[in-house]
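Input: a single structure, listed below in structure tokens.
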Amino acid sequence: MSRTPSRRAVVLGTGGSLGYAWTVAALSTWQQATGLDARDADVVVGTSAGSIVASALASGLAVEDLVDHLLDAPSRPSSNRKPRRRGARGGLPPMPRIGPGSVRLLGRIAQAPTKFPPLAAASALLPVGRADTSGVVRLVSSFASETWPAPPDGPELRIVATDYDSGARVPFGRAGAPPTSPAEAASASCAVPGWFAPVRIAGRRYVDGGVCSATSADLLLGPDMPPLDEALVLIPLARRGRMQLGGAGAAADGLFRGIVGGRSAREIGRLRTAGLRVTAHAPGPEDRAAMGWNVMDARKQGDVLRTALRTTAAWWARKDRGRTIGEGHE
């Protein structure tokens, strides 16, 4: 009697340029360890940097093509479509504009502060960035079509952004969401407040989906989702294990990652309560040492990728890897 295949979701979280490299490495080694192909997932959810990888998977682009792209090595692609070169920016953004980025969102938060995640106020206070996400549009457009994939031709794809004036989480690709292409949705999801200018879609301003949630893994429990048995959740902005680094930057990075991991752990807990088998992973001490505190510094992508290819392969091989994301121990 044949066994029914598991219905699987892949959830890829926010993480900046270096979180993107870590995610690509973690997906590659997960595939090698399990013999599975992330492109076969029934649902793919991507936030910020994770939205680029999610779009690639939903478009049929092989993870190894993304690895080769980051390594900039002569490639033997496992698919016929290769992404264009993603321009590496410097480690710091251009000088932002003066004044808070979203006075409307600040007003909403003042009226009902408990309804908004902690990052919402900080994001609204940050000035509007001057960098643009046109590079994301070019990259995703090089492999993704203008239309959204849908079963049976592809997975359910959700790209998560934040409405910069209301603070609402918007999963593009869901019925009722503003119409746009995966490339434009990914560019909105990657618009880090204070660094990039908000992206306008259907007359609204959108910024990084990580303002609401690093992963939005709880979207898997929505009524628009098919029944699922298991989920892989990668959280490049959370942390696993302790790292002994000095300096205010490292301390702030560790605190921030702990907050991100705590929220992600609660979302994962909801999935498990609902009966899903969840495999979750976040960068360990060696990964975070390679990243440093500035995850937007694309110049370090190659180093982060090579480190993560080794560390994540070792992690998938461990039998005790079921620790809680965000805890301060191995």
Between Arg97 (side chain only) and Val128 (backbone N and O only), is there a donor and an acceptor less than 3.5 Å apart? no
Cluster check Leu57, Val24: I/L/V/M/F/W/Y, side chain < 4.5 angstrom: yes
Short side-chain donor-acceptor distance under 3.5 Å, Ser6 and Glu230: yes
Taking the side chain as every heavy atom from C-beta outward, state whether Ile201 and Phe172 have any atom pair closer than 4.5 Å. yes
Are the side chains of Thr215 and Val45 in contact, using a 4.5 Å heavy-atom criterion? no
Can you check whether Tyr206 reaches Pro178 side chain to side chain, under 4.5 Å on heavy atoms? yes
For Arg7, is there any backbone N or O sitting under 3.5 Å from a side-chain donor or acceptor partner on Asp229? yes
With a 4.5 Å cut-off on side-chain heavy atoms, are Leu70 and Tyr20 touching? yes
The side-chain contact (heavy atoms from CB on, under 4.5 Å) partner of Thr279 among Ile268, Leu234, Thr34, Leu232 is Leu232
Check whether Met225 and Leu276 end up in the same hydrophobic cluster, where Ile, Leu, Val, Met, Phe, Trp and Tyr are linked by side-chain heavy atoms less than 4.5 Å apart. yes
Centroid separation His281 to Trp316 less than 6.0 Å: yes
The reported gap from CD in Glu146 to CD in Glu184 (rounded to nearest 0.5 angstrom) is 8.0 Å
Please lay out, stage by stage, how Thr307 and Glu286 fare under the test side chain to side chain donor-acceptor pair (under 3.5 Å). CA-CA 8 Å; Thr307 298; Glu286 195 172 352; 5.5 Å; no
Taking Ser213 for the side chain and Gly210 for the main chain, is one N or O donor matched with an acceptor at less than 3.5 Å? no
Could you tell me which non-hydrogen atom of Leu119 sits nearest to which non-hydrogen atom of Val211, and how far apart they are? CB-O, 3.7 Å
Hey, are the side chains of Leu36 and Gln31 touching, using non-hydrogen atoms and a 4.5 Å cut-off? no
Check whether Ser102 reaches the backbone of Leu105 with its side chain - one donor and one acceptor, N or O, closer than 3.5 Å. yes
Just so I know, are the side chains of Asp165 and Arg108 near enough to count as touching, which here means a heavy-atom distance under 4.5 Å? no
Between atom SG of Cys190 and atom CG of Asp132, what is the distance when rounded to the nearest 0.5 Å? 12.0 Å
Strictly distance-based, threshold 3.5 Å: is any side-chain N or O of Ser48 a donor or acceptor partner for the main-chain N or O of Thr14? no
Point-to-point distance, once rounded to the nearest 0.5 Å, from CG of Leu139 to OG of Ser187: 11.5 Å
Val43 and Leu221: same hydrophobic cluster, using ILVMFWY side-chain contacts below 4.5 Å? yes
Looking at side-chain heavy atoms only, is the closest gap between Thr273 and Arg270 below 4.5 Å? no
Do side-chain atoms of Arg263 reach the backbone of Cys212 as a donor and acceptor pair under 3.5 angstrom? yes
Is the shortest side-chain N to carboxylate O distance from Arg204 to Asp163 below 4.0 Å? yes
Minimum heavy-atom distance Val233-Ile235, with the two atoms named: CG1-CG1, 3.9 Å
Basic-acidic side-chain contact under 4.0 Å: Arg239, Asp287: no
Heavy-atom pair of closest approach, residues Thr133 and Ala191: CG2-CA, 4.1 Å
Specify the closest pair of heavy atoms between Thr312 and Ala25, including all atoms of both residues, with the distance to one decimal. OG1-O, 3.7 Å
Under 4.0 Å between a side-chain nitrogen and a carboxylate oxygen: does that hold for Asp224 and Arg174? yes
So, Tyr164 side chain and Asp208 main chain: donor-acceptor pair closer than 3.5 Å or not? no
Hydrophobic cluster identity match, Leu157 and Val137, side-chain contacts under 4.5 Å: no
What's the shortest heavy-atom distance between Val140 and Ala183, and which atoms? CG1-CA, 3.6 Å
Do we see a donor-acceptor contact under 3.5 Å between the side chains of Ser166 and Arg104? no
Arg306 vs Leu71, side chain to side chain contact (heavy atoms under 4.5 Å, CB included): CA-CA, chis, key distance, verdict: CA-CA 8 Å; Arg306 284 184 281 269; Leu71 291 175; 3.5 Å; yes
Just so I know, are the side chains of Thr162 and Arg169 near enough to count as touching, which here means a heavy-atom distance under 4.5 Å? no
Run the salt-bridge test on Glu156 and Arg158 with the 4.0 Å N-O cut-off and return the result as yes or no. yes
With the 4.5 Å side-chain cut-off for hydrophobic clustering, are Val160 and Phe116 part of the same group? no
Roughly how far, to the nearest 0.5 Å, is the CD atom of Gln301 from the CH2 atom of Trp22? 15.0 Å
How far apart are the closest heavy atoms of Pro100 and Leu106, and which atoms are they? CB-CD1, 3.9 Å
Atom CG of Leu61 and atom CD1 of Ile52: how far apart are they, to the nearest 0.5 Å? 12.0 Å
How far does CZ of Arg8 sit from CG of Asp37, to the nearest 0.5 angstrom? 10.0 Å
